[in-house]
Each structure stands twice: as structure tokens, then as C-alpha cells.
Amino acid sequence: MLSPTSVKDALQSAAPVAPIQVQGWVRTRRDSKDFSFIELNDGSCLRNLQIIAENWLPNYADVQHLTTGASIIVRGELVASQGKGQNWEVVADKIDIVGGADDTYPLQKKGHTPEFLREIAHLRPRSNLFGCVFRVRSRLAFAIHQFFQERGFIYVHTPIITGSDCEGAGELFRVTTIDAKNPPRTQSGEIDYAKDFFLRPTYLTVSGQLEAEAFASALSKVYTFGPTFRAENSNTSRHSNEFWMIEPEMAFCDLNGNMDLAEEIVKYLIVDLRENCAEELGLFAKFVDKELLARLDFVFERKFRRIPYTEAIELLKKSGEKFEFPVEYGLNLQSEHERWLTEKQKCPVTVFNYPKEIKPFYMRLNDDGKTVTAMDLLVPGIGEIVGGSQREERLEVLEANMRRHKMDPADYKWYLDLRRYGTVPHSGFGLGFERMLMFVTGVSNIRDVIPFARTPGSAEF
RNA sequence: UCCAGCGUAGCUCAGUGGUAGAGCGGUCGGCUGUUAACCGAUUGGUCGUAGGUUCGAAUCCUACCGCUGGAGCCA
């Protein structure tokens, strides 16, 4: 039994191969006088393998009716191509037509808009663009693990179903087995979640951070990498209700060490993809974003600028730029401000030490009593790609922060225990996986870097 | 959720009150070691949905749905 060769391996062959078996989907077909050219793609790489189907094949009439989208198994010989444009091609001895595709097949050999392809999310990975996107997505995930594993980080699986409803990050999807038509009620008539499956209200996680802190307080350096769910009605090209996030957490690490790691990983991932996804990046640079490679090199070569929030406000005020939203200490930086910081300054920027009023309870209070050790890494084109902080490790200060945020410390006993027993300064951040993927591919809509995106009103596939 | 724009053939679009169009794709034929092939013919429509104005609506009005861009929330 002949084992199949991937299109990628066939195209990289150093010598002719006979016999060879390849299999995949027909991208396009052209007839010549005595034979037919078939472009075969199996998703192993961007390029197609050219198949020569000669007219003596017993099923040649059927081969001539092969259309874009059909699946075939080809046996033959890999030989040097007589034509230009490819080094190798397969001269077929036998072509098995596995599954036809009739004229309702929506993909054409010519270009489609990403918006149209999004409507056929089940077929779009068969397009050049999305094949590239999802190969890069795979490599990016691998490179992230590699980055952390090389540095001694332990991979932690934090829960997807969580009981804490106030992690300071967005609206939550409720997880319940209660019958919506006949829910148990409390005496006051409210739905009684104490009778729900977990005997308490539960939700899909919006962050694994709190649990990662527990593991960092034992294994020193950990990271999570998993799905995250936010029930926000966000309709933008940068938001999805289900996305993946990487959250490193490091014990005995302050904000500077945290910023070092965030900047290092962004650079590492760029270098890795430049090396391992050159063909795919080439396609993005050609069809998606002409400046992509220059921007990636720019981010890689340039030292990231670090600007305290207070200084960023001063820079924006002195910029002379007319912003739609006010620039004032104590206000959040708006998209237009972040854009100015990264695009006008022409470099990635890490803004840190934000006013405590605009940041969550777990961030460490600075000695000035006014700011917390928050940091946001901003990149040109996307904006915030990393958000993190040094965590408040002092029990009393953390409890005070909770009360200031109208949270009851009693609800966070286990989290506070981490400060009661062997507390240490520790830091971490969240890196948006899809945002990183958008940044390295130039694809401008988050829906186009997720296999089957979940956005408000949209969960068809 | 808010603001703006757009929904016409399988795809990309033109058509701004008077008979529904083009290119590409598909199909058929021709030509050809071709490669977003080429040449000829042909196929193709509830003009997003529902109301309304008008002698007459793809075109004007209203509502809804969807998509795109921007904003907020954030990763």
C-alpha cells in the first residue's frame, strides 16, 4: 500500500519520485490538446501541485469534467516539470474521483472578498487566504507554547466554567441547567441559583488570571492558553465573544519584568513566523496589507517605548492634535489617542502606571497612592494587544481595593489566601491571541482569524 | 449599544421614477505544456424583507434584517 505524500513534501522533493500518491481538492483545471492540467491543493501549504492527466486515462472523460472543489486521489510519478512556474509535477497513472463538486460550489478560482467567504465559513479554509490564516494560527499557537516552555513556564489549564462573577473584565455568559420554562424560585420570587447544577451561579470564564495567580504562587512561572468568553454586545472588527487568550503569571516579578516579557514575546512571535510562515506572510503582504512585512520588521527591530500614563497624557496634550475626546489625567486613553501614540510616534509603545480609578481591583497600588502598576502594550494598527499588571500582594491593601470597587472580600476567600500564606510580588498579562494573529497577518477583522467566529447575533456554524 | 454608509445574477459591481445590465464564474464548442490561459457562443434575477407614495419604484418614504467603517466596552 502506497502511503500518500503531502503536496508540501512533493513540492520540496529533491529528486523524482515513482510511484507517488497525492490527494486533495481540485483548485482549477485547464485542458491542453492531449491532456489536462489539474491544480491540486491539500492545505499542507499555499502552493498547488500540478497534475498531468493524459487522455489515455480510462476515466479521462470524467477527469475533464472535474471542477473546482472536487476531491481526488492521484497515483503517478513526480517528475521535473516541463513548464515554467513550478519545479515538480505529477504525471498521473490513475486518478480516483472521490467526491465531485457541482456548479453550485461557491468558491471560484478567482479572488473572493473576505466578507463573502465569511458567509461560507465551512468552505473558506479551502481558499488561499484562509488556508494561510489558519496555518499561521496553528504555528502561532505552537510558537507561543515554545516561547514559554523554553523559559521554564508551566502550562496551566484554568477552568472554563467559573463561579466568580466579578473579575473586572466584562459581561459573562451564564452556565446553567435550570429549565428556563420552570425555574426554581426563592421566596422573593427570584430564580434560585442555589438549586442550579453547581449549587451556585456559574459562568463561562472571562479570564484565567485569578486561578493562574494561585498556580504561580506554587509553580513560580505559569501560563494559560485557552478560550475566553465575554457577553459584550461589541460590534467591532477587534472583538469576538469567544476568543483565545494567553495569560502568563510570574511569582517574584515586578512590573518591569512583566513589561520585558510582554515585549520579548511579541518580538519572538514575529521572528518565528518570519522564519516558519514565509509563504503565508508573502501572500498577506501581496493581497491583504502591502506594508505588513515592513511593519513586522519595524516592530522587531525597534526598541519598544515605555511611557508612564502621566507622561502619555502630557505628550497628547502637547501634540497640538485635535482629538475628538478630551485628554485629561484620570480619563481612559481613547482609540484615537492610542493610535496617535503608536502611529505618530511610529513605534510600539508600552503605557504603564495608570490612575487607580480606571483599573481593576487586583492591580498593585504604587507608592504615590494614586496610580497602579497597570501596563498596556500598544502596536500600530491594532491598538492594545497586551494588558497586564503587577498584582497587589499585600492583603490589607487588596482588601481595601476590593471595598473601593464595591466587592465583598468574603466572596474571594481563596484569592485572599494567596496573600495570607507566603505572598510574593507577582505579575502577569493577557495577550489576545486573535489580536496577535491580526497583527502578524494584516487581516483587519477578527472574524477572519477565527475558524468559526462568535459575534453578537452570529453563531451559525 | 450609538453614529455613518451599503444590500441588484453564483462572485465583483453599474444602473437615481418609464422594457434588468456588464465583467468574471458555470455550460457548450474551438485552440493550446497550460498556470487568475486565450477565442466564440450560451446560461443566469422575488433588485435584502415587509409595508407605503405614485399611472408607474431597483430608484422616493417608513420599519426591520444583514454587512462594512467609526465609537464605547476590552484582549
Side-chain angles (χ1 to χ4, degrees), chain A residues 27-40 47-54 64-65 67-69 79-86 89 91 101-120 123 127-128 167-171 206-209 227-247 262 287 323-325 332-339 358-360 376-379 382-388 429-439 444-450 455-458 460:
Chain A
R27 278 298 175 80
T28 178
R29 192 188 54 78
R30 295 175 291 275
D31 282 326
S32 188
K33 193 175 177 188
D34 298 319
F35 51 91
S36 197
F37 296 102
I38 300 168
E39 296 273 341
L40 186 75
R47 298 188 64 191
N48 302 323
L49 179 62
Q50 180 162 284
I51 310 294
I52 309 295
E54 293 175 338
Q64 280 195 304
H65 282 92
T67 52
T68 306
V79 299
S81 177
Q82 294 174 34
K84 289 173 186 167
Q86 61 280 316
E89 64 192 17
V91 178
D102 67 17
D103 60 6
T104 60
Y105 185 67
L107 287 171
Q108 301 171 8
K109 57 184 155 188
K110 299 218 170 191
H112 287 295
T113 61
E115 291 80 18
F116 169 68
L117 291 169
R118 207 178 292 151
E119 294 168 20
I120 48 168
L123 297 173
S127 68
N128 284 341
E167 293 172 6
E171 303 290 313
V206 293
S207 164
Q209 180 199 317
T228 306
F229 306 89
R230 301 206 180 154
E232 264 133 20
N233 193 5
S234 295
N235 286 289
T236 80
S237 54
R238 303 180 303 284
H239 290 87
S240 168
N241 297 298
E242 178 180 319
F243 62 97
W244 285 57
M245 189 156 64
I246 298 98
E247 297 181 287
F287 294 111
F323 293 112
E324 192 186 340
F325 292 91
N332 265 311
L333 294 179
Q334 305 286 326
S335 290
E336 56 174 348
H337 306 145
E338 295 183 352
R339 213 175 301 127
I358 57 174
K359 289 294 177 183
D376 285 347
L377 199 170
L378 312 175
V379 294
I382 308 277
E384 182 181 341
I385 200 164
V386 168
F429 59 80
L431 168 64
F433 182 60
E434 282 80 10
R435 289 206 180 158
M436 187 69 202
L437 193 51
M438 291 167 75
F439 180 64
S444 59
N445 196 311
I446 198 167
R447 296 168 179 93
D448 296 332
V449 296
I450 302 179
T455 51
S458 180
E460 183 186 352

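In what follows, chains carry the letters A, B, and so on, assigned in the order in which the sequence lines appear, proteins first and then strands, with residues in each chain numbered from 1. On a predicted model such as this, the values are computed, not experimentally measured, just so you know.
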### Query
Just wondering, do A/Phe35 and B/rG33 stack (centres under 5.5 Å, planes under 30°)?
no

Mind checking if [X] touches a base, just sugar-phosphate, or nothing, with heavy atoms under 4.0 Å?
X: A/Thr67; value: sugar-phosphate
X: A/Leu431; value: nothing
X: A/Gly432; value: sugar-phosphate
X: A/Glu338; value: nothing
X: A/Asp102; value: nothing
X: A/Leu107; value: nothing
X: A/Glu324; value: nothing
X: A/Phe116; value: sugar-phosphate
X: A/Asn233; value: base

Between [N] and [M], how far apart are the two [atom1] atoms, rounded to whole Å?
N: B/rC38; M: B/rC24; atom1: C1'; result: 15 Å
N: B/rA75; M: B/rG7; atom1: P; result: 37 Å
N: B/rU59; M: B/rC6; atom1: C1'; result: 15 Å
N: B/rA63; M: B/rG21; atom1: P; result: 32 Å
N: B/rU54; M: B/rG48; atom1: C1'; result: 23 Å
N: B/rU53; M: B/rC61; atom1: C1'; result: 7 Å
N: B/rU49; M: B/rG66; atom1: P; result: 15 Å
N: B/rG69; M: B/rU12; atom1: P; result: 15 Å

Donor-acceptor pair (no angle test) under 3.5 Å: [X] side chain, [N] base:
X: A/Glu115; N: B/rG7; result: no
X: A/Glu39; N: B/rU34; result: no
X: A/Asp31; N: B/rU32; result: no
X: A/His112; N: B/rC11; result: no
X: A/Gln108; N: B/rG25; result: no
X: A/Arg435; N: B/rC74; result: yes
X: A/Ser335; N: B/rG70; result: no
X: A/Ser234; N: B/rC74; result: no
X: A/Gln50; N: B/rU34; result: yes

Does some side-chain heavy atom of [Y] sit less than 4.5 Å from a side-chain heavy atom of [X]?
X: A/Ile52; Y: A/Phe37; answer: yes
X: A/Pro360; Y: A/Gln209; answer: no
X: A/Ile446; Y: A/Met438; answer: yes
X: A/Glu54; Y: A/Val91; answer: yes
X: A/Lys109; Y: A/Glu39; answer: no
X: A/Arg435; Y: A/Phe243; answer: no

Nearest to the side chain of [X], heavy atoms from C-beta on, is which of [options]?
X: A/His65; options: B/rG26, B/rG33, B/rC28; value: B/rC28
X: A/Phe37; options: B/rU34, B/rA75, B/rC73; value: B/rU34
X: A/Gln82; options: B/rG33, B/rG72, B/rU12; value: B/rG33
X: A/Arg230; options: B/rU34, B/rA75, B/rG72; value: B/rA75
X: A/Lys33; options: B/rG69, B/rC73, B/rU32; value: B/rU32
X: A/Asn235; options: B/rU1, B/rG33, B/rU12; value: B/rU1
X: A/Thr236; options: B/rC73, B/rU32, B/rU34; value: B/rC73

Quick one: is [X] getting a side-chain N or O under 4.0 Å of the [N] phosphate, OP1 or OP2?
X: A/Ser32; N: B/rU32; answer: no
X: A/Thr113; N: B/rU12; answer: yes
X: A/Asn445; N: B/rG69; answer: yes
X: A/Arg30; N: B/rA37; answer: yes
X: A/Lys109; N: B/rA37; answer: yes
X: A/Arg339; N: B/rA71; answer: yes

### Query
Hey, is the main chain of A/Ala101 close enough, under 3.5 Å, to the side chain of A/Thr67 for a donor-acceptor pair?
yes

### A/Thr228 side chain vs A/Trp244 backbone, donor-acceptor pair below 3.5 Å
no

Who is the Watson-Crick or G-U wobble partner of [N], with both distances under 3.5 Å?
N: B/rG17; value: none
N: B/rA50; value: B/rU62
N: B/rG56; value: none
N: B/rG5; value: B/rC67
N: B/rC74; value: none

#### Entry: Between C1' of B/rA75 and CD1 of A/Ile246, the distance in whole Å
9 Å

### Message
Please evaluate residues A/Glu242 and A/Ile450 with respect to the criterion side-chain contact (heavy atoms from CB on, under 4.5 Å), reporting the C-alpha separation (whole Å), side-chain torsions for both, the decisive distance (0.1 Å), and the verdict.
### Response
CA-CA 9 Å; A/Glu242 178 180 319; A/Ile450 302 179; over 6 Å; no

